[in-house]
There are 4 protein chains.
Amino acid sequence: MFELDLRSRKPIYEQLVDRLKQLIINNVLEKDEKLPSVRVLAQQLSINPNTIQKAYRELEIQGYIYSVKGKGSFVNHIMMADSSAEIKKVKEQLKKNISEALFLGVSVEELEKLITETEVDRSVTRGDEDDSSSERG
Amino acid sequence: MFELDLRSRKPIYEQLVDRLKQLIINNVLEKDEKLPSVRVLAQQLSINPNTIQKAYRELEIQGYIYSVKGKGSFVNHIMMADSSAEIKKVKEQLKKNISEALFLGVSVEELEKLITETEVDRSVTRGDEDDSSSERG
Amino acid sequence: MFELDLRSRKPIYEQLVDRLKQLIINNVLEKDEKLPSVRVLAQQLSINPNTIQKAYRELEIQGYIYSVKGKGSFVNHIMMADSSAEIKKVKEQLKKNISEALFLGVSVEELEKLITETEVDRSVTRGDEDDSSSERG
Amino acid sequence: MFELDLRSRKPIYEQLVDRLKQLIINNVLEKDEKLPSVRVLAQQLSINPNTIQKAYRELEIQGYIYSVKGKGSFVNHIMMADSSAEIKKVKEQLKKNISEALFLGVSVEELEKLITETEVDRSVTRGDEDDSSSERG
DNA sequence: GTGGTCTAGACCACA
DNA sequence: GTGGTCTAGACCACT
């Protein structure tokens with residue numbers, strides 16, 4: 001379910017953040033669903049609990065989850081409030097990626113296919129693989 | 001022209017790499033155009049020459065520029081060779097960004113518009129100002 | 001174990017890269033084996049840590065090792081993916097070396113012996129001492 | 001005839017040395033043949049005469065050519081004298097390259113083919129393309 | 001004057 | 001303690 005890449009140059013906690021975001025975004029983790037506890041998840045992934053802790057804290061800051069003392073962490077799913085800044089950021093990122101893709105020879109059709117594909121995946125409630133930091137490989 | 005964010009979590013040299021890539025991709029820097037020398041750019045940005053060096057070296061490895069010892073650094077623009085790995089990476093990135101955008105409420109139409117816009121910008125030989133600098137710095 | 005030639009025209013970090021490559025290729029360093037930490041190796045060789053860092057980074061780019069921030073650097077040994085470019089380069093190098101060897105009077109038989117010898121060494125998990133250090137230093 | 005790669009990380013003068021070595025080794029340039037004068041070659045290749053000068057000096061040191069004041073530079077082709085050191089160096093290089101090739105998946109048969117190919121090329125008096133410094137690509 | 005290497009020493013992020 | 005980034009400043013090689 002988590003498939004961390006210990007070898008990636010991207011820090012583990014960041015991989016966790018990204019993965020959980022994806023799961024939330026794709027509705028695999030539903031609103032108010034309880035996330036596994038730090039210790040349990042740490043043991044499951046055989047990873048230092050501090051690392052999990054850090055990931056959860058980050059997700060809370062970004063508004064994707066909320067924590068209740070003594071209870072655990074839960075999916076938020078509200079968002080949409082002041083997401084304008086977020087949207088702007090994502091769009092800028094997209095522009096960069098799109099122009100790079102075009103530069104590398106990817107066709108417009110392929111890009112559009114990518115959109116519809118992703119859209120379908122979302123409605124079918126599925127998470128997809130991801131990795132790749134901003135580094136070269 | 002470069003707008004570095006010294007406080008960003010993203011390393012300076014990486015910001016430089018990204019920015020220069022953009023300039024090359026958008027044809028603002030043309031093939032075989034000479035880049036500012038390491039020392040000059042370092043002074044201009046009041047940054048240590050080694051940092052510029054590192055950025056230039058990275059760009060060279062990635063195939064965006066080439067450097068000649070006694071002469072300077074120049075834009076490459078050839079590419080198109082075996083960029084399959086690069087393409088795969090960009091596509092994965094795109095998928096992530098697209099799903100996040102959709103999650104944040106951006107419509108499919110808007111995304112497609114983004115593609116055509118970017119395409120036009122490219123052929124018109126124009127650079128844009130996005131940077132997406134500090135990630136929640 | 002490393003025998004650096006500080007006076008050589010070949011940069012120290014490059015000597016390191018070459019040497020470590022050899023050790024990995026010849027299975028002296030096994031898959032997922034931990035390399036000496038940057039600082040430790042630096043002290044051992046009485047060399048600046050940055051230089052080691054540079055070598056390790058280069059090896060990571062070339063896919064021979066991977067580095068994890070809080071943990072260390074480890075041997076990769078996967079490869080075999082899209083090394084076609086690498087292969088082409090090595091073959092060109094080989095052609096050059098072969099013609100030079102022939103010119104210097106080395107017989108074809110001797111060259112073929114060299115191949116079988118090297119092949120045996122590899123399967124027997126042994127490292128050799130060649131370095132070809134200073135090029136007419 | 002010379003096909004220098006101004007973009008290569010390998011210095012021009014070194015490319016020249018290598019190329020001329022090849023031409024001599026492959027008998028394209030015969031014993032006592034006169035090399036083009038520094039100025040002429042410099043103009044032909046639109047390169048700084050100092051660079052040519054440096055290449056010729058290097059070749060003289062290595063024993064591939066000899067210079068006669070006021071006359072020019074000529075191919076030597078004697079060698080074979082104390083080439084034992086040279087041979088040892090080349091063999092070491094070869095071993096390294098062979099083990100790397102094997103590591104990258106090149107078969108023994110292919111390597112042997114490379115030898116016979118190169119041998120044929122030599123007797124047919126032909127020079128081949130080369131480049132590739134010890135850097136990655 | 002250009003890129004490239006190296007040192008010494010500081011500081012940060014990750015586990 | 002680990003890798004990674006950055007600075008300041010020196011020195012070398014190439015054109």
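Hydrogens, waters and symmetry mates are skipped; everything else that's a heavy atom, side chains included, is used. Below, read A as the first sequence line, B as the second, and so on, with proteins coming before strands; counting in each chain starts at 1.
- The local environment of CD in C:Q43 is sparse, with at most 12 non-hydrogen atoms from other residues, nucleotides or ligands closer than 6.0 Å.
- For the OP1/OP2 pair of F:dT5 and a distance below 4.0 Å, the side-chain nitrogens and oxygens of B:K54 include at least one atom meeting the criterion.
- Among the duplex regions that DNA chain E forms, those built from at least three successive Watson-Crick or G-U pairs under 3.5 Å are E:1-14 with F:1-14, ordered by first number.
- From A:T51, atom OG1 reaches atom CD of A:E14 across 12.5 Å, with rounding to the nearest 0.5 Å.
- Heavy-atom neighbours of C:E33 CD from other residues, nucleotides or ligands within 6.0 Å: above the threshold of 12.
- Remark: B:S67 is not in phosphate contact with E:dG3, judged by side-chain N or O atoms under 4.0 Å from OP1 or OP2.
- When the nucleotides E:dA13, F:dT5, F:dA8 are ranked by their closest atom to the side chain of B:R9, E:dA13 comes out on top.
- Checking F:dC14, E:dC14, F:dG4 against the side-chain heavy atoms of A:Y13 singles out E:dC14 as nearest.
- Distance NZ (C:K10) to C1' (E:dC6): 18 Å, rounded to an integer number of Å.
- A donor and an acceptor atom never sit less than 3.5 Å apart when one is taken from the side chain of B:R57 and the other from the base of E:dG3.
- Within the 4.0 Å cut-off from OP1 or OP2 of F:dG1, not a single side-chain nitrogen or oxygen of C:K71 is found.
- Looking at the side chain of B:N50, the nearest of the listed nucleotides F:dG4, E:dG4, E:dC6 is E:dC6.
- We find that NZ of C:K69 is positioned 13 Å from P of E:dC12, with the value rounded to whole Å.
- Rounded to the nearest 0.5 Å, atoms CG (A:L35) and OH (A:Y56) are 4.5 Å apart.
- Here F:dT7 is the nucleotide among F:dT5, F:dT15, F:dT7 with the atom lying nearest to any side-chain atom of B:N48.
- When each of F:dC14, F:dT7, E:dT5 is scored by its nearest atom to the side-chain atoms of D:P11, the top-ranked nucleotide is F:dC14.
- Here the straight-line distance linking atom CD of B:Q22 with atom CG of B:N27 works out to 12.5 Å at 0.5 Å rounding.
- A residue-by-residue look at D:T51 and B:L6 shows that B:L6 has its nearest nucleotide of DNA chain F further toward the 5' end.
- Comparing C:I47 and B:S73 against DNA chain E, the residue whose closest nucleotide sits nearer the 5' end is B:S73.
- The side chain of A:I12 approaches E:dA15 more closely than any other nucleotide in the set E:dT7, F:dC14, E:dA15.
- Each of C:Q53 and B:V68 lies near DNA chain F, and the nucleotide nearest C:Q53 is the one positioned closer to the 5' end.
- When the side-chain nitrogen and oxygen atoms of C:S37 are compared with OP1 and OP2 of F:dT2, one or more of them lie within a distance under 4.0 Å.
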Exercise. Start with the C-alpha distance between B:K10 and B:D18, add both sets of side-chain angles, then the distance that settles salt bridge (Lys or Arg N to Asp or Glu O under 4.0 Å), and finish with yes or no.
Key: CA-CA 11 Å; B:K10 177 181 285 188; B:D18 278 11; 3.1 Å; yes
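- You'll find that the side chain of C:E60 is closest to F:dG4, out of F:dG4, F:dC14, E:dG4.
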